[in-house]
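Values below: every heavy atom of this structure, side chains too, minus hydrogens, waters and symmetry copies.
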Amino acid sequence: MKKIKIDWTLTLLPLLTIILLGILFFIMPEQSNAILSRIRFFFGDTLGTYYLIIGLAVFLISLFLIVSKYGDIVLGDPSEKPKYSFFAWGSMMFTCGLAADILFYSFSEWVMYATNPHVTQMGPFEEWAPVFPVFHWSLIPWAFYLVLAVAFGFMLHVRKRDRQKYSEACRPVLGKYTDGWGGRIIDLLAVFALIAGTATTFSVATPLMSSILVELFHIEVNRTLVTIIILVITCAIYTCSALHGIKGMNLLSKICIFMFFGLIVFVFFFGGKTQYIIDTGVESLGRMIQNFVGLSTYTDPMRTNNFPQDWTIYYWAYWMVWCVAAPFFIGNISQGRTIRQTVIGGYVFGVGSTIVSFIVLGNYSLGQQISGAADYISEYAETGDLYAMIIHIVKTLPCAPFILVVILLTMLVFYATSFDSIAYTAACYSYHQLGENESPHTWIKLLWCILLIILPVALVFSESSMNNLQSVSIVAAFPIGIVMILIIWSFFKDAKKYIKM
């Protein structure tokens with residue numbers, strides 16, 4: 001490892017910031033959460049429409065890439081073939097783009113919508129509650145990933161640039177300012193957004209893993225302590241995977257996909273709600289497509305229900321901060337594919353797999369609610385404990401203890417596959433230059449693997465509410481939205497020149 005290649009500003013400044021934030025959340029949890037809420041209100045409420053405009057615009061750009069001449073561009077040499085099979089490519093893309101929180105939300109998200117004033121105004125909750133999970137996790141979120149993946153893939157494999165950073169993707173627009181403080185600021189914003197996305201994801205879903213352990217082994221220990229232990233174990237697993245590079249990620253992603261779809265197939269065929277899952281799933285998908293523009297632009301200007309501020313804006317911000325890592329990884333593994341193949345393939349595998357998860361796992365529990373076999377809405381209203389509610393949902397399945405183990409292991413592997421790609425991307429930011437076939441040094445990857453776990457542990461320890469966990473992403477995503485616009489502008493400017501060559 002050549003010391004001159006290390007970018008110490010982008011390595012040490014985030015390190016010191018994470019340690020400082022971690023200390024603040026440990027010693028002043030209530031005050032920290034209160035400040036976070038006030039900042040979130042400004043960005044998510046006062047400036048919330050900004051996120052909605054970017055989301056719809058990026059989706060329309062993804063469609064343009066499919067039908068335009070830009071779709072013919074090969075991410076590599078013109079005669080180059082894809083480096084990975086469609087299944088291996090799709091598996092790595094899906095598991096790096098989604099973490100274990102997809103299982104948490106697939107089981108429980110419809111419950112959070114069921115009593116929402118906006119949803120009940122639109123019609124019966126059984127018709128609209130299953131629509132919003134499909135909307136919030138499908139087309140626009142994956143458009144964020146795929147449009148930026150194309151830009152990064154073009155930068156890496158066509159232009160052969162040796163700086164794997166957000167700022168480098170802006171070079172066609174920023175020019176010489178890329179190498180100055182303008183580029184430094186962009187990269188620092190990217191690193192902080194990466195940390196924020198990691199913190200939100202880890203903090204939301206890991207308590208479910210600890211709840212499963214408590215249920216399986218009847219552990220009489222505080223759930224927060226168990227959650228922190230799980231975070232440390234997960235960190236160890238994804239660290240081992242990250243240190244083995246792309247091969248380790250490829251293996252874990254395949255294991256994850258088989259376990260994930262195995263769970264979905266089991267619930268679909270043996271849960272006893274197959275007909276309801278199919279009927280409600282098809283109806284929800286159709287209703288989402290019919291109302292797509294309205295759902296994408298709803299702002300609640302009179303603030304009668306704050307639904308977009310609490311949900312849609314949060315989700316777009318949540319996916320935007322993940323855009324620092326996932327699109328880089330997708331662009332990297334898409335070498336040899338055309339832009340059209342990358343976008344369409346991403347929608348087929350990424351969106352398709354996501355929708356199937358929400359339709360099967362979500363509608364299984366909704367079907368129980370509608371048939372009167374259970375009352376999850378009342379349970380959630382009384383306790384507010386989504387993790388315990390998910391345990392109760394799973395316990396209604398055949399072989400429930402075995403299914404709980406499968407869910408636990410699947411979440412563990414999901415986290416490992418997601419965060420080893422994040423740690424790999426973050427490690428690339430620690431270098432001034434890193435060629436297409438070069439990888440970060442082992443010690444740099446190890447450093448980032450440890451850094452990414454500190455803030456989630458602090459947030460879990462401070463017992464931050466769901467609202468405050470959302471705030472972390474909303475605040476970090478605001479400047480990233482501006483950088484995303486720069487990257488997309490830069491891509492079209494550079495690709496236009498390439499086509500004319």
Side-chain angles (χ1 to χ4, degrees), residues 53-84 86 89-90 92-94 96-97 138-175 178 186 292-293 296 316 319-320 322-352 436 480-501:
I53 292 172
I54 290 178
L56 186 57
V58 172
F59 173 68
L60 294 176
I61 290 170
S62 75
L63 299 183
F64 175 72
L65 288 173
I66 293 173
V67 301
S68 70
K69 59 186 177 182
Y70 295 100
D72 298 325
I73 297 174
V74 177
L75 298 179
D77 298 326
S79 60
E80 195 167 354
K81 299 299 181 184
K83 191 173 182 180
Y84 301 98
F86 181 75
W89 173 73
M92 286 191 287
M93 174 181 59
F94 178 67
C96 88
S138 59
L139 297 176
I140 287 179
W142 277 94
F144 285 141
Y145 280 178
L146 297 172
V147 171
L148 291 186
V150 163
F152 296 142
F154 184 82
M155 177 189 83
L156 293 171
H157 305 308
V158 179
R159 293 307 195 189
K160 311 291 185 182
R161 297 197 185 120
D162 58 2
R163 295 177 71 245
Q164 297 183 32
K165 298 182 179 183
Y166 247 39
S167 61
E168 187 64 26
C170 301
R171 185 174 292 277
V173 169
L174 294 182
T178 306
I186 287 174
F292 182 78
V293 174
S296 303
W316 288 186
W319 289 78
M320 285 164 69
W322 268 77
C323 279
V324 177
F328 252 118
F329 188 74
I330 295 171
N332 200 351
I333 63 175
S334 297
Q335 185 174 3
R337 284 185 161 79
T338 66
I339 287 175
R340 184 175 294 109
Q341 290 170 341
T342 301
V343 177
I344 293 176
Y347 275 135
V348 169
F349 209 106
V351 173
E436 182 183 7
I480 288 300
I482 298 172
V483 180
M484 287 171 62
I485 294 170
L486 276 175
I487 291 172
I488 295 169
W489 179 12
S490 296
F491 162 73
F492 279 111
K493 183 178 180 180
D494 203 14
K496 188 176 181 179
K497 289 182 180 178
Y498 176 77
I499 290 175
K500 289 182 178 179
M501 288 173 58

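Residues Ser167 and Thr178 share a closest heavy-atom pair of O-CG2, 3.3 Å. Shown here for Thr338 and Gly71, the closest heavy-atom pair between the two residues is CB-O, 3.4 Å. In plain terms, the two heavy atoms of Pro172 and Arg161 that are nearest each other are CG-NH2, 3.8 Å. The minimum heavy-atom distance linking Val58 with Val147 is given by the pair O-CG2, 3.7 Å. Minimum heavy-atom separation, Met320 to Gly481: CE-CA, 3.4 Å. When all heavy atoms of Ile487 and Ala151 are compared, the pair lying nearest together is CG2-CB, 3.8 Å.
Relative orientation of the Phe491 and Phe154 rings is perpendicular, given thresholds of 30° and 60° on the angle between their planes.
In this structure, the side-chain hydrogen bond (donor to acceptor under 3.5 Å, both in side chains) partners of Ser62, at least two apart in sequence or on a different chain, are Tyr347. Residues satisfying the side-chain hydrogen bond (donor to acceptor under 3.5 Å, both in side chains) test with Trp316, not counting sequence neighbours, are none. With sequence neighbours excluded, the residues satisfying ring-ring contact (aromatic ring centres under 6.0 Å, His included) with Tyr166 are Phe152. By the salt bridge (Lys or Arg N to Asp or Glu O under 4.0 Å) test, Arg171 pairs with Glu168, Asp179, sequence neighbours left out. With sequence neighbours excluded, no residue satisfies side-chain hydrogen bond (donor to acceptor under 3.5 Å, both in side chains) with Asp77.
Looking at heavy atoms from C-beta onward, Val324 lies out of side-chain contact with Phe328 at the 4.5 angstrom threshold. A heavy-atom distance below 4.5 Å is found between the side chains of Phe292 and Leu56. Side-chain contact between Ile488 and Leu148 is present, with heavy atoms from C-beta onward closer than 4.5 Å. Counting only heavy atoms from C-beta outward, the side chains of Tyr70 and Val150 never approach each other to under 4.5 Å. Ile186 places a side-chain heavy atom less than 4.5 Å from the side chain of Leu174.
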Kindly list each side-chain donor-acceptor pair under 3.5 angstrom involving residues 138-146, sequence neighbours excluded, with atom names and distances?
unit_1	atom_1	unit_2	atom_2	d
Ser138	OG	Val134	O	2.6
Trp142	NE1	Thr354	OG1	3.3
Tyr145	OH	Gly97	O	2.7

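Side chain of Arg337 to main chain of Val343: no donor-acceptor pair is present (N/O by atom type, distance under 3.5 Å, no hydrogens or angles). Within the 3.5 Å criterion, the main-chain N or O of Ile66 finds a donor-acceptor partner in the side chain of Arg340. Side chain of His157 to backbone of Val74: no donor-acceptor contact under 3.5 angstrom is found.
Between the CH2 atom of Trp322 and the CD1 atom of Ile480 there is a distance of 14.5 Å, given to the nearest 0.5 Å.
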